[in-house]
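Down below is the structure, laid out as structure tokens.
All values reported here derive from a predicted model rather than from experimental measurement.
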Amino acid sequence: QVHLQESGGGLVRPGASLSLSCTTVERTFPNYGMGWFRQAVGKEREFVAAINWVGGSRYYHDSVKGRFTIARSNAGNTLYLQMSDLQPEDTAIYYCAMAIDGDGRTHSAEYQYWGQGTQVTVSS
């Protein structure tokens, strides 16, 4: 069983920045595509960003383009999501996910392993 652990969530004001991390001890991490998804209260889980196994291809939901950056450290078995200019509509639980397919994927069904999530709240 693959265990993914998110961290870095919190309460911030609109316009602030926040950085999320997702770590795993899974040795095959460098071979997997990785993604971030989020789920707000009363809404379905939605795609945020994805990155392929080598980090050369990145994909973003239109709502976060130019504000969020996904990155990975294969040496450190860590996935990152740098978020800037956060807005109240970014409030959600953020999940990292791992896909056996090494390409970055934008649909949750294409991911086999999920973390427990970390809460991000943007409020004044």
Side-chain angles (χ1 to χ4, degrees):
Q1 182 69 25
V2 174
H3 178 70
L4 303 173
Q5 181 65 59
E6 302 96 336
S7 62
L11 171 63
V12 297
R13 296 188 181 277
S17 297
L18 203 59
S19 183
L20 304 182
S21 297
C22 172
T23 60
T24 180
V25 297
E26 178 62 35
R27 293 186 177 186
T28 55
F29 172 86
N31 299 331
Y32 291 167
M34 298 294 296
W36 287 99
F37 291 76
R38 66 186 181 187
Q39 187 167 18
V41 174
K43 295 187 177 181
E44 293 188 355
R45 190 172 298 188
E46 68 173 3
F47 167 74
V48 176
I51 188 167
N52 73 337
W53 67 280
V54 72
S57 297
R58 308 179 190 193
Y59 309 90
Y60 297 96
H61 189 277
D62 285 346
S63 65
V64 306
K65 282 182 180 177
R67 300 189 299 124
F68 290 12
T69 301
I70 188 170
R72 66 188 296 160
S73 167
N74 285 343
N77 277 17
T78 303
L79 177 72
Y80 303 99
L81 185 68
Q82 178 64 43
M83 305 182 292
S84 62
D85 191 24
L86 284 161
Q87 300 301 317
E89 53 266 34
D90 295 315
T91 296
I93 298 175
Y94 283 70
Y95 300 89
C96 72
M98 178 182 283
I100 295 175
D101 187 328
D103 293 332
R105 297 299 184 185
T106 62
H107 294 94
S108 60
E110 296 175 295
Y111 288 82
Q112 292 74 40
Y113 306 107
W114 294 82
Q116 294 298 309
T118 185
Q119 177 71 47
V120 172
T121 303
V122 185
S123 175
S124 56

To the nearest 0.5 angstrom, please state how far the [atom1] atom of [X] sits from the [atom2] atom of [Y].
X      : Y      : atom1 : atom2 : answer
Cys96  : Leu4   : SG    : CG    : 4.5 Å
Asp85  : Arg67  : CG    : CZ    : 6.0 Å
Ser21  : Leu81  : OG    : CG    : 9.5 Å
Glu110 : Gln112 : CD    : CD    : 9.0 Å

Are [X] and [Y] in one and the same hydrophobic cluster, where Ile, Leu, Val, Met, Phe, Trp and Tyr link if side-chain heavy atoms are under 4.5 Å apart?
X     : Y     : answer
Phe68 : Val12 : yes
Met98 : Trp53 : no
Tyr95 : Val64 : no

*Does some side-chain heavy atom of Val120 sit less than 4.5 Å from a side-chain heavy atom of Arg38?*
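They are not in side-chain contact.
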*With a 4.5 Å heavy-atom cut-off, do Met34 and Phe29 have their side chains touching?*
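Answer yes - side chains close enough.
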*Tell me, yes or no, whether the heavy-atom count around Gln87 atom CD, taken from other residues, nucleotides or ligands under 6.0 Å, exceeds 12.*
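More than 12 heavy atoms, drawn from other residues, nucleotides or ligands, come within 6.0 Å of this atom.
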*asked:* Would you say CD of Glu44 has more than 12 non-hydrogen atoms from neighbouring residues, nucleotides or ligands within 6.0 angstrom?
replied: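 It does not: Glu44 CD has 12 such atoms or fewer within range.
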*Between Gln119 and Thr121, is a side chain to side chain donor-acceptor pair (under 3.5 Å) present by the stated rule, with each step listed?*
CA-CA 6 Å; Gln119 177 71 47; Thr121 303; 3.3 Å; yes
Backbone N/O of [Y] and side chain of [X]: donor-acceptor pair under 3.5 Å:
X      : Y      : answer
His61  : Ser63  : yes
Tyr113 : Gln1   : no
Thr118 : Tyr94  : no
Gln116 : Glu6   : no
Arg13  : Ser124 : yes

*asked:* Show the nearest heavy-atom pair for residues Ala40 and Ala92, with the distance to one decimal.
replied: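 It is N-CB, 3.8 Å.
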*Sequence-distant partners of Asn52, side-chain hydrogen bond (donor to acceptor under 3.5 Å, both in side chains), two or more places apart*: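 Expected list: none.
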*For residues 72-81, which residue pairs qualify under side-chain hydrogen bond (donor to acceptor under 3.5 Å, both in side chains), counting only residues two or more places apart or in two chains?*
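Qualifying pairs: Arg72-Asn74.
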*ring pair (Phe, Tyr, Trp, His ring centres under 6.0 Å) involving Phe37 - partner list, sequence neighbours excluded*: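 Per chain and number, Phe37 pairs via ring pair (Phe, Tyr, Trp, His ring centres under 6.0 Å) with Phe47, Tyr111, Trp114.
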*Kindly determine whether Leu20 and Met83 satisfy side-chain contact (heavy atoms from CB on, under 4.5 Å), including the steps that lead there.*
CA-CA 8 Å; Leu20 304 182; Met83 305 182 292; 3.7 Å; yes
